[in-house]
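First comes the structure, then the notes that go with it.
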Amino acid sequence: MSVVISDERTQQAAPAGERLLGDAARAAESSHARLSGLLTDMFLPDAHRANDRTRAVMARLFDQLVGAVEADLRAILTPHFESEAPDVAVVLASERVTIALPILHETGLLRDAELVQLLLARTEEHRIVLGLRRIAESGLDPAPALAPPDDVVAAAADHALRLAENDRIDAAYEPVMAASDLPAALLRRVVWRVAAALRDYLVRVRNVAPEVADRHIAAAGAALLAAHDADATLEAAALRLAARWRELGVDDDARLHHALRQGRFVLFAAMLAVRAGIGVELATAMAADRDIARLAVLLRGVGVDRDTAVMALFEMAAIHGLPEQRLIACSDAYDRLDPAVARASLQPPSLDPGYRSAVAALAVERTP
């Protein structure tokens, strides 16, 4: 159970009439925000609307991530206040008191598109892994046994990857997100915005001098960021194993499909990324997309044989609940798509997006 911190100083200092006006103003703002949200949701196509399960998982991951960053910052901050402000140190050390998260929810300071994209990707990844596990447990089409390559480097990389895979779930098999999962630039934004929320509380509610709060919080944030290891992510571990298999010449279609059937979805995406020469984030997004057309293009672009491709498309179509007609259409299109064209489509465009958009817009205007 957590306790939400209120603005104690403001509540005590403001006369009852002014406090009532402030409450009314906040209520009006909240009503407007709710109306804006309903307006957006009402006209959002069903295909673009996240279901309740997706929203709930994303919200839980957000709170978990922010809570972990807040806890780390507070653990660093607490000793600095034990002598100069013991009451502040007690609050910072209390696990029952939530400080930054309510402020961030209220202000929307962490309304970050890249963070939301990552939360969605993690949620979709977990949904796919659960679906792959259900297929494997059905026993209708067991994954073939593949002998691991006799290579010390590959064995060590596989062991590290399995440890990272286990860290992605909790005891209830729900997805977990930690600060170590974030790219460096995104982690920096999250850390400093959580730090800003803590500073707001310390200065506004606890009357800590701004210069004192800034000095301690800046040091705590810097220490937390310095401890970040970008190579410790699951994606980095999967890329190391995929790259080693590539060096050994054992990253064949059978091993690719075996990774998918074992529910090792990030490894599956990393193998595709290495073979395609693209980032693992793009490969994961294409492989996880609910329209299997993107996965079909990726598989065709890296030269996966038709039987393996169709099996992978079939499994992903089943997980996404796509109709049989969609699977048939993608399978037929897979045969007709030129592999060279598919490979070219995977590479970043050479022309500036703004230029391409302008050319396309002009073409539309010129159309009789």
inquiry  = One pair to check against salt bridge (charged side-chain N to carboxylate O under 4.0 Å, His left out): R127 and E124. What are the steps and the verdict?
reply    = CA-CA 5 Å; R127 181 181 64 83; E124 288 293 275; 2.9 Å; yes
Derivation of the side chain to side chain contact (heavy atoms under 4.5 Å, CB included) call for V190 and L110 = CA-CA 7 Å; V190 171; L110 259 178; 4.1 Å; yes
ask   = Given the rule in the side chain to side chain contact (heavy atoms under 4.5 Å, CB included) test, do V116 and F62 qualify, once you have shown the distances and angles that lead to the verdict?
value = CA-CA 9 Å; V116 172; F62 177 88; over 6 Å; no
task = Carefully, step by step, assess I99 and L92 under the rule side chain to side chain contact (heavy atoms under 4.5 Å, CB included).
result = CA-CA 8 Å; I99 298 173; L92 289 174; 4.1 Å; yes
ask   = Yes or no on side chain to side chain contact (heavy atoms under 4.5 Å, CB included) for R199 and V208, after CA distance, side-chain angles and deciding distance?
value = CA-CA 9 Å; R199 191 246 193 216; V208 174; over 6 Å; no
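One distance of note links CG of L115 with CG of L65; it measures 6.5 Å at 0.5 Å rounding. Between the CG atom of L241 and the NE2 atom of H159 there is a distance of 13.0 Å, given to the nearest 0.5 Å. Atom CZ in R206 sits 3.5 Å away from atom OH in Y201 (nearest 0.5 Å). Summarising the geometry, atom NE2 belonging to H258 is positioned 10.5 Å from atom CG belonging to L267; distances are rounded to the nearest 0.5 Å. Annotation: the span from L101 atom CG to Q64 atom CD amounts to 11.5 Å, rounded to 0.5 Å. Put simply, CD1 on I328 and CZ on F314 are 11.0 Å apart, with the number rounded to the nearest 0.5 Å.
Looking only at side-chain heavy atoms (C-beta outward), V90 and F81 stay at 4.5 Å or farther from each other. Taking the side chain as every heavy atom from C-beta outward, V194 and L73 approach each other to under 4.5 Å. Put simply, the side chain of D289 does not reach to within 4.5 Å of the side chain of H320, judged on heavy atoms. Between L132 and R261, the closest side-chain pair of non-hydrogen atoms is not below 4.5 Å. For the pair R343 and P339, the minimum side-chain heavy-atom distance is below 4.5 Å. When side chains are defined from C-beta on, D151 does not count as touching E247, because their heavy atoms never get closer than 4.5 Å. Residues R193 and L109 are in side-chain contact: their nearest non-hydrogen atoms beyond the backbone lie under 4.5 Å apart. With a 4.5 Å cut-off on side-chain heavy atoms, L256 and D251 do not count as touching.
No single ILVMFWY cluster, assembled from side-chain heavy atoms under 4.5 Å apart, contains both V153 and L146. Residue L119 is grouped with residue V191 when hydrophobic side chains (ILVMFWY) are merged at heavy-atom distances under 4.5 angstrom, including chains of intermediate members. Placement of L182 and L104 within a single hydrophobic cluster is found when ILVMFWY residues are connected by side-chain heavy-atom separations under 4.5 Å, directly or transitively. I135 and L295 fall within a single hydrophobic cluster, where Ile, Leu, Val, Met, Phe, Trp and Tyr side chains are chained together by heavy-atom contacts under 4.5 Å. Cluster annotation: V129 is not connected to L163 through the hydrophobic network of ILVMFWY side chains, with a link wherever side-chain heavy atoms come within less than 4.5 Å.
Applying the side-chain hydrogen bond (donor to acceptor under 3.5 Å, both in side chains) test to every pair with at least one member in residues 270-284, sequence neighbours left out, gives these pairs: D253-R275. Among pairs with a residue in residues 171-192, those fulfilling salt bridge (Lys or Arg N to Asp or Glu O under 4.0 Å) read R53-E174, R60-E174, D112-R189, E114-R189, R122-D181, at least two apart in sequence or across chains.
Other residues, nucleotides and ligands place more than 12 heavy atoms under 6.0 Å from the CG atom of D332. When the shell of 6.0 Å around CD of E211 is examined, it contains more than 12 heavy atoms from other residues, nucleotides or ligands.
A donor-acceptor contact closer than 3.5 angstrom links the side chains of H105 and D63.
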Please report, to 0.1 Å, the donor-acceptor pairs under 3.5 Å made by any side chain of residues 296-313, with sequence neighbours excluded.
| from | atom 1 | to | atom 2 | distance (Å) |
| --- | --- | --- | --- | --- |
| R300 | NE | Y334 | O | 3.0 |
| R300 | NE | L337 | O | 2.8 |
| R300 | NH2 | D335 | O | 3.4 |
| R300 | NH2 | L337 | O | 3.2 |
| D305 | OD1 | D307 | N | 3.1 |
| D305 | OD1 | T308 | N | 3.0 |
| D305 | OD1 | T308 | OG1 | 3.3 |
| D305 | OD2 | T308 | OG1 | 2.9 |
| R306 | NE | D335 | OD1 | 2.7 |
| R306 | NE | D335 | OD2 | 2.8 |
| R306 | NH2 | D335 | OD2 | 3.2 |

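Nearest heavy atoms, P175 versus L61: O-CD2, 3.5 Å. Scanning both residues, L234 and E125, for their nearest heavy atoms gives CD2-OE2, 4.3 Å. What you find for M58 and T123 is that their closest heavy atoms are CG-OG1, 3.3 Å. Contact detail for P102 and T98: the closest heavy-atom pair is CD-CG2, 3.4 Å. The two residues A179 and V69 come nearest to each other via the heavy atoms CB-CG2, 4.0 Å. The shortest heavy-atom contact between W192 and L225 is NE1-CD1, 3.5 Å.
A salt bridge links E235 with R168; the closest basic N to acidic carboxylate O contact falls under 4.0 Å.
Under the 6.0 Å cut-off for aromatic ring centres, F268 and H257 do not qualify, their centroids lying 6.0 Å or more apart.
A parallel orientation is assigned to the rings of H216 and H80, their planes being inclined by less than 30° (bins at 30° and 60°).
A donor-acceptor pair is defined here as one N or O able to donate and one able to accept, closer than 3.5 Å; such a pair exists between the side chain of R74 and the backbone of V91. Here the side chain of H126 pairs a donor or acceptor atom with the backbone of Y173 at under 3.5 angstrom. Checking side-chain atoms of E70 against main-chain N and O of A195 turns up no donor-acceptor pair under 3.5 Å.
When each of R244, R240, R264 is checked for a side chain to side chain donor-acceptor pair (under 3.5 Å) with D158, only R264 meets the rule.
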